[in-house]
Amino acid sequence: MRIIDTLESNVRSYPFSFPAIFSRARGSIMLTEDGRKVIDFLSGAGALNYGHNNHQIKAAIAEYLASDAVIHGLDMATPAKLEFLETFSSVILRERDLQYRFQFTGPTGANAIEAALKLSRKITGRQNIISFTHGYHGMSLGAMAASGNRFYRRASGAALAGATFMPYDGYLGPAVDTADYLQKLLSDESSGIDTPAAILVETVQGEGGINVASKEWLQSVQAIAKNVGALFIVDDVQMGCGRTGEFFSFEFAGLSPDIIVMSKSLSGYGLPLSMLLIKEECDAWMPGEHTGTFRGNNLALVSATAAINIYWRSRTFAQDVQRMGELMRSRLEAIASEHGSGFAVRGRGMALGFDCQTAEVAETTARKAFEKGLIVERCGPIDQVVKFLPALTIDLETLNRGLDIFELSLTETLMEPRSDVPRQRAFLRSRC
Ligand SMILES: *Cc1c(COP(=O)(O)O)cnc(C)c1O
């Protein structure tokens, strides 16, 4: 670890939570250099829905590499791109009665969010973006302006302008429908809220604490966007590609977003790939008006096509994810009720959060879990939620083993007197 400590910037984050050198990985298991096997419930923050080094997907990449086919071609046409467009259109879109155009953006989720916001502003001639409390959309200035987290906002060092925050579903408690509040403000000419270019929403807030929006709330927000002539954008960067038990996280609500933002698990292999799905009538770009060197990297398109062919041609994969999600949820709920009334379990599909209420309990539990062989990350406004994002392809035995480790770690944490060693990140946070 010494070379990391001396040479890599203080800005690194996961090496503090998971202090090991990870040398190999397959499926849901990562191997450390000193020979430990660790179960991965973080999955590249949702970029590895099909597991590490998925062998079937790897075969497609290896074949493509061996053939000297084009890897980098800016956004030129290649057989790999055509095959991806065809496969995604027929297997994902047509099956769901959806029709979209594809825009390949730079490789990160933030790149795609920026493109979506820019397009909405161009179409409407407006500037304001409505986003939601505890939302997370990435680190670039435009995406950051629409993200709630104060630690990140402060670190940006710039005026973050252009977004207005509205309360997410449930933010004001179960008795208040925050969509009514949004509706009221946007229909009042003198509310002080500029009519938005877009409403940007996650159906489940990943970084924000696994907060789940209801079907009715999402439908209302979509209708409000339509009424005020704003684009309705779903950020499916983390919750898309099957995470919630359906390919798009909004299928359960029957939404029809003007723009869908995809990244993280899109390539299926952890390779960087991001894109927008744009309704045809919203495709207002002039050729070359938004560019980037790494758009639609062909290797990532090949793995993305393979992932769709392998997992999404039949309905059984989505059903398996829903079933596994139910098992996880009932196990976590049992753990929550066994250990007192304060804990809460939230989520949809295989995106679940265990709200420990305090940062200390969540932090100590996650640290103990890693010592015992499980990677789990924390999220939420004060990092009080332990977040479960196992690979969607995980086997039941490994899933249960991971949950056993979590339960044991929580039990030990609750038995300890409350005198916690502050972790590096918490220390850095308080220093700012
Ligand atoms: C991770 C994430 C992003 C940003 O993606 P990057 O690739 O890190 O830029 C945007 N939105 C959501 C919901 C995310 O989870």
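Counting starts at 1 for both ligands and their atoms, in listed order. Nothing here was measured: the structure is a model prediction, and the numbers come from that model.
Scanning the protein heavy atoms around atom 11 (N) of ligand 1, the nearest turns out to be Asp235 OD2, 2.7 Å. Scanning all protein heavy atoms for the shortest distance to atom 9 (O) of ligand 1 gives Ala110 N, 2.8 Å.
Each of the following atoms of ligand 1 lies closer than 4.0 Å to a heavy atom of Thr108: 7 (O), 9 (O).
Among residues two or more places apart in sequence or in another chain, the salt bridge (charged side-chain N to carboxylate O under 4.0 Å, His left out) test is passed with Glu251 by Arg96.
Using a 4.0 Å cut-off between heavy atoms, Glu202 contacts ligand 1 through its side chain alone, with no backbone atom that close.
For atom 6 (P) of ligand 1, the nearest non-hydrogen atom from the set Gly106, Gly240, Gly109, Gly138 comes from Gly109. Which of Glu207, Lys264, Gln238 comes nearest to atom 1 (C) of ligand 1 through a heavy atom is settled by distance: it is Lys264.
Summarising the local packing, CZ of Phe252 is surrounded by more than 12 heavy atoms from other residues, nucleotides or ligands at distances under 6.0 Å.
For the 3.5 Å distance criterion, the side chains of Ser140 and Glu114 qualify, holding a donor opposite an acceptor. Side-chain contact annotation: Asp169 with Ser214, donor-acceptor N/O pair under 3.5 Å present.
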Side chains of residues 22-30: which donor-acceptor pairs under 3.5 Å do they make with residues two or more places apart or in other chains?
unit_1: Ser23; atom_1: OG; unit_2: Leu31; atom_2: O; d: 3.4
unit_1: Arg26; atom_1: NE; unit_2: His55; atom_2: NE2; d: 3.2

